[in-house]
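Any value given below was found using the heavy atoms of this structure, including those in side chains, with hydrogens, waters and symmetry copies removed.
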Amino acid sequence: MINTHPYIPNASSVTKEMLRVVGVRGLDDLFVDIPSFPFEIDELLPEPIGESGVKRIVEETLSKNKVYGTKCFAGGGPWFHFIPSAVRHIISRGEFLTSYTPYQAEVSQGILQAFFEFQSLICELYDMEVANASMYDLSTAVAESALLCARVTGRKKIIIPACLPWERKSVIANYTEPQGVLIEEAPYSKENGGVDLERLKEVIDDDVAGVYVENPSFLGMIDNGVKGIVEISHDSGALAVVGCDPLSLGVLKPPGELGADVAVGNGQPLGIAPAMGGNTLGIMACREDPGIVRQMPGRIVGMTKTADGRRRGYVLALSTREQHIRREKATSNICTNQALLAVAATIYLSMMGRTGLASISRKIIANTEYAKDRMRMDELIEPIFQGINFRDFAMTIKGADDVDGKIREKGMVGGRNLSEDFPEMKDGRLFAVTEVHTKKEIDELTSSIHEALGGA
Amino acid sequence: MINTHPYIPNASSVTKEMLRVVGVRGLDDLFVDIPSFPFEIDELLPEPIGESGVKRIVEETLSKNKVYGTKCFAGGGPWFHFIPSAVRHIISRGEFLTSYTPYQAEVSQGILQAFFEFQSLICELYDMEVANASMYDLSTAVAESALLCARVTGRKKIIIPACLPWERKSVIANYTEPQGVLIEEAPYSKENGGVDLERLKEVIDDDVAGVYVENPSFLGMIDNGVKGIVEISHDSGALAVVGCDPLSLGVLKPPGELGADVAVGNGQPLGIAPAMGGNTLGIMACREDPGIVRQMPGRIVGMTKTADGRRRGYVLALSTREQHIRREKATSNICTNQALLAVAATIYLSMMGRTGLASISRKIIANTEYAKDRMRMDELIEPIFQGINFRDFAMTIKGADDVDGKIREKGMVGGRNLSEDFPEMKDGRLFAVTEVHTKKEIDELTSSIHEALGGA
Amino acid sequence: MYRQALFEEPLIFELGKAGRVGILLNDENQVPIEQYEGAISKSMRREKLNLPEVSQVEVTRHFTKLSQMNWGVDLGPYPLGSCTMKYNPRLNEDLATREQVEQMHPRQSVESSQGSLELMFRLERALSSITGMDEFTLQPAAGAQGELTGCLIIRKYHRKRGDHRDEIIIPDSAHGTNPASAAMAGFKVVVVRTSEDGYIDLDMLKCAVSNKTAGLMMTNPNTLGIFENKACEIAEVVHRAGGLMYYDGANLQGIVGRARPGDLGFDIAHINLHKTFSTPHGGGGPGAGPVGVKEGLSGFLPVPMVEQKEGKYEFNWDRPDSIGKIREDYGSFPILVRAYAYLLSMGVEGLKLSSGIAVLNTNYFARKVSGIRGFSVPFGNAIRKHEVVISAADIMRETGVSAYDISKALLDKGLHAPTIYFPLIVKEALMFEFTDAELKENIDLYVEALEDISQRAYTDPSGVKAQPKNTSVGRLDEVRASHPRTMRLSYRMHSH
Amino acid sequence: MYRQALFEEPLIFELGKAGRVGILLNDENQVPIEQYEGAISKSMRREKLNLPEVSQVEVTRHFTKLSQMNWGVDLGPYPLGSCTMKYNPRLNEDLATREQVEQMHPRQSVESSQGSLELMFRLERALSSITGMDEFTLQPAAGAQGELTGCLIIRKYHRKRGDHRDEIIIPDSAHGTNPASAAMAGFKVVVVRTSEDGYIDLDMLKCAVSNKTAGLMMTNPNTLGIFENKACEIAEVVHRAGGLMYYDGANLQGIVGRARPGDLGFDIAHINLHKTFSTPHGGGGPGAGPVGVKEGLSGFLPVPMVEQKEGKYEFNWDRPDSIGKIREDYGSFPILVRAYAYLLSMGVEGLKLSSGIAVLNTNYFARKVSGIRGFSVPFGNAIRKHEVVISAADIMRETGVSAYDISKALLDKGLHAPTIYFPLIVKEALMFEFTDAELKENIDLYVEALEDISQRAYTDPSGVKAQPKNTSVGRLDEVRASHPRTMRLSYRMHSH
Ligand SMILES: Cc1ncc(COP(=O)(O)O)c(C=O)c1O
Ligand SMILES: Cc1ncc(COP(=O)(O)O)c(C=O)c1O
């Protein structure tokens with residue numbers, strides 16, 4: 001039995017005195033009310049391992065990973081975007097890292113202001129008035145938006161683009177199905193991959209609470225039809241939920257300008273590392289419509305004043321929407337969210353600023369279009385859709401499975417296999433290039449694909 | 001010509017207004033008093049490179065390094081000791097990292113207290129009363145101690161062990177020679193590598209200002225004779241300067257107890273990474289003898305009170321010793337020192353604490369003795385000296401050059417070549433093992449050496 | 001004396017000047033951007049973007065200053081009950097931010113991700129073993145999402161049996177996420193009362209169960225910090241009625257290493273890795289809420305699951321009964337790395353020590369605080385586990401000083417307040433949880449502080465109500481922030 | 001409003017309890033320690049070790065709290081003249097702490113250290129090119145050690161020629177390290193005066209040089225911030241007398257990218273990488289003070305030097321005239337990495353912009369401040385470069401408020417004070433250097449603050465003298481700390 005540990009200060013000479021105050025003889029006496037079921041925990045050593053040993057063990061395990069980093073060109077997210085060093089340094093500061101949800105506003109102004117700035121930056125980016133201080137990820141943001149639409153309109157059907165990955169559809173269904181909210185898919189145009197407006201008009205009816213559309217789409221297509229989709233939705237009394245990549249918004253029209261009622265996004269590109277898909281940040285914002293705002297899920301920080309009216313301050317606002325007050329009638333069950341990553345995004349957006357963000361958007365589009373052009377190979381490699389891409393682009397590659405392997409031999413990871421999500425896209429691969437890729441790196445990718453196909 | 005940069009905020013819309021206040025038209029007008037010699041800087045690009053590009057370029061260069069880390073067993077320092085993760089996190093905090101020498105004490109209590117704690121921890125460890133807040137490295141600490149001895153005694157000769165690496169001797173000479181202080185070497189015993197007491201007695205005379213001895217010695221030998229050396233020194237009116245590895249002091253008698261007047265050390269083992277030998281920390285401490293204290297070089301922090309006497313505080317003390325006041329009569333020219341690494345050592349020692357430091361010392365001795373025993377091979381591999389070693393140990397290995405290469409093929413770095421410093425130690429190699437090495441890793445080292453020599 | 005740092009720091013939008021940049025994107029060997037400038041049609045081009053224009057210097061300073069105006073465990077006690085604010089070891093941060101973690105892509109081959117898979121596999125096994133469950137999914141993003149996952153499993157379990165049960169029973173002391181999650185999974189919530197001695201009212205429970213009962217959600221120790229010693233009986237009642245038992249692991253700290261939900265009759269359990277397993281809260285997240293189930297329910301877990309075959313690890317997607325996905329990809333991987341490192345650092349003995357000292361800290365505090373005028377420890381004398389709920393109802397009645405006021409007065413002493421007004425069943429509740437990471441010295445400071453506040457409440461209540469003074473701002477107008485007329489939820493709403 | 005954080009934080013020795021540990025050393029697969037317990041003879045064994053016994057939680061909190069009671073560039077302006085407190089880019093921190101930097105051992109083979117060598121080689125070339133020198137050593141630990149290195153080179157140069165010159169000429173405005181370094185290298189120091197217009201008194205210099213003159217050390221811009229426009233003439237005087245010209249690069253910021261010491265007649269120069277090249281000061285170090293020389297002096301540089309041969313980098317130890325070593329190993333490698341990254345981030349244009357804006361900031365400030373009652377800008381109207389020295393002699397005379405008092409009053413506004421009482425030739429000196437990293441907004445705050453302080457000095461001098469109030473402690477008794485009777489230089493001295 002051990003009696004000291006670096007993380008447990010009172011396991012020391014003070015234990016005895018404290019036991020005396022409590023009036024028991026040993027720690028075990030504090031657990032006499034627990035029924036005893038003997039058990040063993042085989043997967044752990046009985047004794048603690050010291051810091052140096054734990055480091056070695058975990059590093060040994062992790063060393064079985066191969067790090068491709070920016071040599072991984074798989075599309076569909078997460079992505080390898082540039083992360084300013086200052087982001088990590090700031091979010092590692094103990095005052096942010098080791099803080100809890102700021103229930104005591106007076107000693108938590110720092111992170112409250114950071115959240116307020118996050119909300120504000122998201123609002124500017126998406127052209128909305130209200131944003132929450134994070135959802136788990138894009139999928140749950142879409143799912144919660146669907147529920148919001150249903151609550152606001154009292155209707156029970158949501159239209160989503162057919163062109164979403166299976167995971168996202170599955171998450172949405174897990175949130176909507178228990179509420180009796182039905183999901184219908186809007187077919188995509190075989191030509192440009194966007195939602196087919198005509199067919200949308202056919203599908204939509206009085207039961208539709210909301211229409212969800214992404215721009216750029218999951219397959220990276222910039223969709224000129226979003227405004228039309230929003231109009232069709234509004235015409236039939238549904239809300240429009242628009243999903244946008246935040247980095248695309250340095251150049252593309254924001255959801256607000258397109259008429260969206262709710263905007264969602266995947267915040268990972270904003271200064272957050274891919275980490276096996278484990279660092280997610282769901283963005284959710286809406287118009288300043290009291291009916292919608294009241295139905296928002298998640299934490300929202302508001303600006304206020306000190307009781308004496310003299311100074312500005314920040315507090316958690318509108319908590320009557322939330323589970324800790326409203327319980328089963330809450331707008332959502334979300335409690336712990338992705339706060340620190342929202343702070344990372346805040347630092348990222350502050351540092352990028354107006355010109356930085358616009359440059360990054362432009363750079364990504366240039367790199368993507370360049371990569372797509374370079375990758376083409378008559379009869380062997382073709383874009384699946386016609387149009388302009390942002391970061392992600394879908395290609396049909398003859399004998400794609402073989403090509404995947406050959407690229408891997410060159411130390412790269414090729415495109416995401418689309419045939420799993422979209423059987424009609426046999427040999428389809430979704431690639432992504434970002435602003436971190438040099439021309440040379442893009443050329444290396446494309447030439448190794450060409451080589452694999454026996455080309456130049 | 002660029003007109004903006006992330007590190008230069010006023011290169012922006014405010015430049016113009018400021019130029020107007022100054023009354024010039026452009027930045028170049030501020031330099032009209034400089035004679036113009038046209039030049040080019042070919043080694044830099046004209047334009048700045050963005051963060052992402054700099055990262056890639058530097059990482060590409062650094063990737064040409066092979067990281068052996070703890071698979072490097074070269075002795076003589078620096079060493080791969082365990083570094084608690086918290087050390088880096090704390091010294092990376094902007095308030096420490098980006099601060100200057102604490103001239104304004106009232107806003108700098110944090111680092112002043114940390115320096116005071118550094119001094120205090122060093123004093124406890126070395127059994128001294130006064131320590132400064134760091135020297136550049138061990139060599140300069142020894143050199144400055146030699147000068148101190150000369151100033152205190154008014155004498156002009158310093159005895160150092162013959163058994164020091166050439167670099168250290170060279171540094172000492174560079175500091176002492178201009179002052180007319182002569183260095184003499186005390187021969188070492190061929191048996192145990194320690195300073196030969198009898199021969200020391202022969203060398204020492206009335207001109208000797210100080211005697212320097214190391215324990216453990218440069219070759220890792222624990223020297224039972226230190227107390228005797230100190231006595232011999234004192235008997236002839238010289239000061240005794242004792243150099244000790246700080247980690248050995250968890251178990252070994254400290255300089256103070258051995259009678260030293262001045263203690264020095266290499267602080268790198270205290271939570272500081274080897275970094276190509278570029279992260280050095282010189283330790284220097286002394287007895288509470290006003291004559292000696294007044295001759296100490298470097299910054300020293302003192303505890304004081306607020307002017308109103310109510311609270312404790314810390315300030316730079318005894319600055320009349322220093323160059324900024326005393327100029328050419330100063331005790332040293334040192335200004336910028338190794339402050340942040342002293343803070344690292346402070347955190348390290350705090351975290352290790354009484355029991356941790358003792359355990360680490362014991363562990364290192366056990367690992368060293370084990371490694372030495374395992375490495376022996378009749379007629380082929382023998383320790384150069386008899387005795388107990390701390391971390392470093394010198395072995396004669398038949399055909400050492402070949403063995404070095406073979407070890408390297410196994411992904412390890414073998415011992416430091418001693419024949420360069422000590423021609424008499426042909427085929428001599430100085431190894432080091434620390435507390436981070438597992439039995440298995442030590443066994444791997446020894447068996448690959450044995451293998452190289454055709455043994456089991 | 002304590003004083004929090006104060007900088008009157010403007011919003012990032014109020015900093016900066018035209019033309020300043022925080023980052024340069026210049027690089028060598030670039031695709032020429034100009035060539036693609038026309039690619040986006042005018043109708044899709046954005047015209048204005050109102051982001052700040054700030055230099056990197058300003059950004060770094062801004063957030064450094066903000067951070068100093070924020071409390072964290074790194075500064076002192078953070079005894080929020082039900083939140084288990086432990087020490088967050090920096091080793092775990094270093095490991096979780098290694099390249100082999102951060103630079104991994106979920107679409108790499110499993111061959112090239114064996115390290116990640118092995119770590120997830122080992123963590124999954126360890127969690128199963130610690131909780132007495134048979135299999136865990138690591139996917140849920142937090143405790144609440146774990147609850148939803150669990151409820152969806154309960155739903156699917158019954159559906160699959162053709163049994164359309166639609167009620168979940170939840171004690172009145174439960175955390176708000178429990179009813180909220182149950183409702184999101186389509187269930188009606190049936191509340192059972194806590195009896196006067198602090199346990200679930202077993203009689204009421206017996207009345208509440210029926211053939212509509214899909215399951216019961218509870219945490220044990222409950223939110224009063226009391227171990228429900230009739231846990232097995234409760235499980236029997238629910239099971240007999242055909243329901244499943246869901247364990248909210250938010251309070252696992254109280255028993256970890258000493259009792260296992262799986263042995264106590266629970267079928268499903270989530271664990272908040274950001275509580276008992278010491279991963280940082282980061283101001284509210286990210287966390288992770290793995291969900292474990294007993295064997296019969298394994299098939300319902302989200303896909304994919306990590307499995308081991310002949311020394312290799314792989315993802316198994318082929319689980320036909322699975323509820324599918326609850327989140328894209330595999331879970332909060334960097335959080336999982338931290339939790340795994342923590343478990344190695346503790347070992348079984350360490351976990352036991354952790355719950356032991358956490359419980360000792362609570363009872364030491366409870367003992368000391370119960371003698372202070374105006375404070376009481378409601379719901380009987382049972383030994384508390386990791387947390388204890390104090391009532392300030394007497395002080396409130398006698399002096400007008402509320403739990404809210406007391407929390408603010410604590411802040412002034414450099415002591416973060418406990419959770420207040422939760423659980424709802426305690427009036428003027430102050431819910432303290434010191435965790436295993438807190439020092440006796442600091443617990444004593446709380447006792448002294450509460451003594452002092454109590455005394456001042458009885459002598460100078462308005463003085464207490466005027467606190468805090470030493471925090472970076474004084475008491476804030478919380479109503480203003482949510483009132484439709486004064487509500488400012490973004491800079492845009494503020495500046496319009 | 002500004003208020004620095006305040007925690008009444010005891011010394012680490014006053015924290016902790018018996019039995020607490022900050023680190024565990026337990027590990028798998030260890031050599032059995034017990035077996036070697038007897039190895040050390042009793043006479044060499046230490047008996048007691050009075051180190052703290054603190055948990056990791058306490059250590060982390062202790063130093064986090066201390067850090068909040070410390071000023072840094074990350075919090076705001078740090079206009080210490082002669083210290084060039086720039087922004088410290090975090091990218092450079094990340095690069096300097098990579099494994100390929102920290103985990104390198106100097107005794108690895110050069111083949112396995114090509115990355116380090118290449119980086120040193122490139123940095124060496126860049127520094128040579130920026131300063132107009134021919135070759136640089138990267139070895140010196142700081143500026144002062146660079147000076148010593150330079151002086152040793154001067155010494156050896158003359159010795160080698162059989163010329164035992166023993167005087168170094170230094171202006172009275174010089175930094176203390178210059179005379180101290182010269183003295184350490186065995187030279188007598190001959191001081192030349194600064195004339196009223198702020199330049200070296202050329203006539204006096206001409207009288208001072210002789211056949212004993214080993215060299216002259218100066219910084220340019222000088223410590224008044226004025227560019228010595230007769231630099232070339234000075235060099236000629238010294239050279240003609242047979243002396244060498246040493247450039248103290250501490251003020252390179254004032255001309256970087258626009259003029260090169262090598263072109264101005266200097267033979268030897270050091271650069272403080274922790275000033276002009278933005279590496280952090282870390283509370284006083286570590287820094288780096290590379291020394292460059294003109295071709296004829298290359299042979300004297302410390303060994304080893306990095307050289308390139310057929311695309312490979314190697315160390316050259318074979319330089320028979322070398323002064324040997326000034327420090328073990330090759331220099332502050334992690335600092336070198338930072339400086340190199342900084343240079344890439346700037347490019348030539350960036351360096352030029354940096355000196356341009358730094359000088360603009362100074363002159364903007366000088367212009368504004370010169371109108372404030374009681375402050376003057378002594379030594380003529382020459383355009384200042386990177387720094388300016390203000391005199392508060394008038395205020396002192398008229399109100400008794402000193403430069404010291406003014407510095408403390410600035411602290412109260414959240415503005416770090418400038419360097420005070422240096423250079424020695426200015427009475428009540430306040431030496432401001434804003435660097436290229438400071439914002440106009442903050443410079444304006446200084447102007448306002450000095451206006452306010454001036455006004456208060458003339459109306460309420462004792463009020464000013466009672467400052468600061470908003471810092472974590474009030475004014476400290478500096479005399480007490482150095483007085484033999486009250487001096488406490490360690491916990492041991494304090495507690496005895
Ligand atoms: C008892 C209890 N259950 C559930 C939760 C929700 O967990 P999470 O915040 O991880 O979603 C909490 C969180 O505070 C809790 O205390
Ligand atoms: C003008 C001048 N010279 C020399 C130095 C000494 O440099 P270092 O502190 O790097 O030793 C300084 C440092 O402040 C300085 O300002």
Side-chain angles (χ1 to χ4, degrees), chain A residues 8 14 18 22 27 30 33-34 37 41 43 47-48 54 62 64-66 69 72 74 90 93-95 98-101 106-107 109-111 120 123-124 130 136 167 170 178 273 276-278 302-304 307 313 317 323-324 327-328 330 333 335-340 351 354 366 370 388 438, chain C residues 22 29 31 33 36 51 63 66-67 69-74 100 102-107 112 114-115 125-126 129 141-142 144 176 179-181 183 186 189 259 263 282-287 324-325 329 333 344 347 350 356 359 363-364 436 440 471 473 475-476 480-482 488-491:
Chain A
I8 312 180
V14 302
M18 296 178 75
V22 176
L27 295 180
L30 297 164
D33 52 346
I34 298 191
F37 295 92
I41 301 177
E43 284 74 12
E47 297 267 314
V54 172
L62 290 174
K64 296 169 195 166
N65 280 346
K66 175 160 169 52
C72 170
I90 296 169
R93 287 178 59 83
E95 298 91 331
T98 75
S99 68
Y100 200 76
T101 306
E106 293 85 355
V107 278
Q109 286 299 294
I111 211 159
S120 300
C123 285
E124 295 302 339
V130 178
Y136 301 136
E167 300 99 283
S170 175
M276 194 83 192
M303 186 193 271
T304 184
Q323 45 74 23
H324 60 285
R327 302 180 77 82
E328 63 268 29
N333 67 338
C335 177
T336 290
N337 48 41
Q338 304 295 104
L340 195 65
M351 216 161 260
R354 187 180 303 185
Y370 174 81
I388 303 297
T438 57
Chain C
N29 196 256
V31 169
I33 296 188
Y36 299 92
L51 292 186
F63 291 101
L66 289 189
S67 78
M69 295 193 279
N70 212 55
W71 191 257
V73 173
D74 274 8
Q100 291 93 334
E102 293 208 328
Q103 299 298 305
M104 295 301 291
H105 196 282
R107 239 63 62 201
S112 67
Q114 284 293 301
R125 287 290 77 218
S129 186
S181 301
V189 173
D263 298 334
K325 301 235 16 132
D329 298 317
F333 186 61
L344 294 177
V359 172
N363 286 284
Y364 174 81
D436 52 334
K440 174 177 177 297
T471 47
V473 292
R475 221 177 263 212
L476 290 162
R480 183 186 172 93
S482 299
R488 300 286 178 270
L489 307 178
S490 62
Y491 180 67

Could I get the full list of side chain to side chain donor-acceptor pair (under 3.5 Å) partners for A:R327, not counting sequence neighbours?
-> none

Can you name the side chain to side chain donor-acceptor pair (under 3.5 Å) partners of C:D263, sequence neighbours left out?
-> C:R260

Measure across [X] and [Y] and return the closest heavy-atom pair with its distance rounded to 0.1 Å.
X: C:N70; Y: A:Q109; answer: OD1-N, 4.0 Å
X: C:T471; Y: A:E106; answer: CB-O, 3.5 Å
X: C:A259; Y: A:I34; answer: CB-CG2, 3.5 Å
X: C:G282; Y: A:I111; answer: O-CD1, 4.1 Å
X: C:A144; Y: A:Y136; answer: CB-OH, 3.8 Å
X: A:G277; Y: C:P106; answer: N-CD, 3.6 Å

With respect to chain C, which residue among [options] yields the maximal number of heavy-atom pairs within a distance under 4.5 Å?
options: A:R93, A:K66, A:E124, A:E47; answer: A:E124
options: A:L27, A:D33, A:N65, A:L30; answer: A:N65
options: A:S120, A:A330, A:G302; answer: A:S120
options: A:Q338, A:M276, A:K64; answer: A:M276
options: A:V14, A:V130, A:L62; answer: A:L62
options: A:V107, A:I41, A:I388; answer: A:V107

With a 4.5 Å cut-off on heavy-atom pairs, point out which of [options] contacts chain A the most.
options: C:G287, C:G283, C:S181, C:G350; value: C:G283
options: C:H105, C:Q103, C:M69; value: C:H105
options: C:N363, C:L344, C:D329; value: C:L344
options: C:A180, C:A141, C:G186; value: C:A180
options: C:P179, C:G72, C:G324; value: C:P179
options: C:A126, C:S67, C:G347; value: C:S67

Just verifying a value: how many Å separate [X] [atom1] and [Y] [atom2], rounded to the nearest 0.5 Å?
X: C:L66; Y: A:E95; atom1: CG; atom2: CD; answer: 11.0 Å
X: A:M303; Y: C:R480; atom1: CE; atom2: CZ; answer: 10.0 Å
X: A:T304; Y: C:L476; atom1: OG1; atom2: CG; answer: 6.5 Å

Under 4.5 Å to a heavy atom of chain C? For A:C72 that would be side chain

Contacting region of A:I90 [heavy-atom separation from chain C under 4.5 Å] = side chain

Look only at the side chain of C:N29 and the backbone of A:T438, and say whether a donor-acceptor pair between them is shorter than 3.5 Å.
-> no

Is there a side-chain contact between C:P286 and A:L340, using heavy atoms and a 4.5 Å cut-off?
-> yes

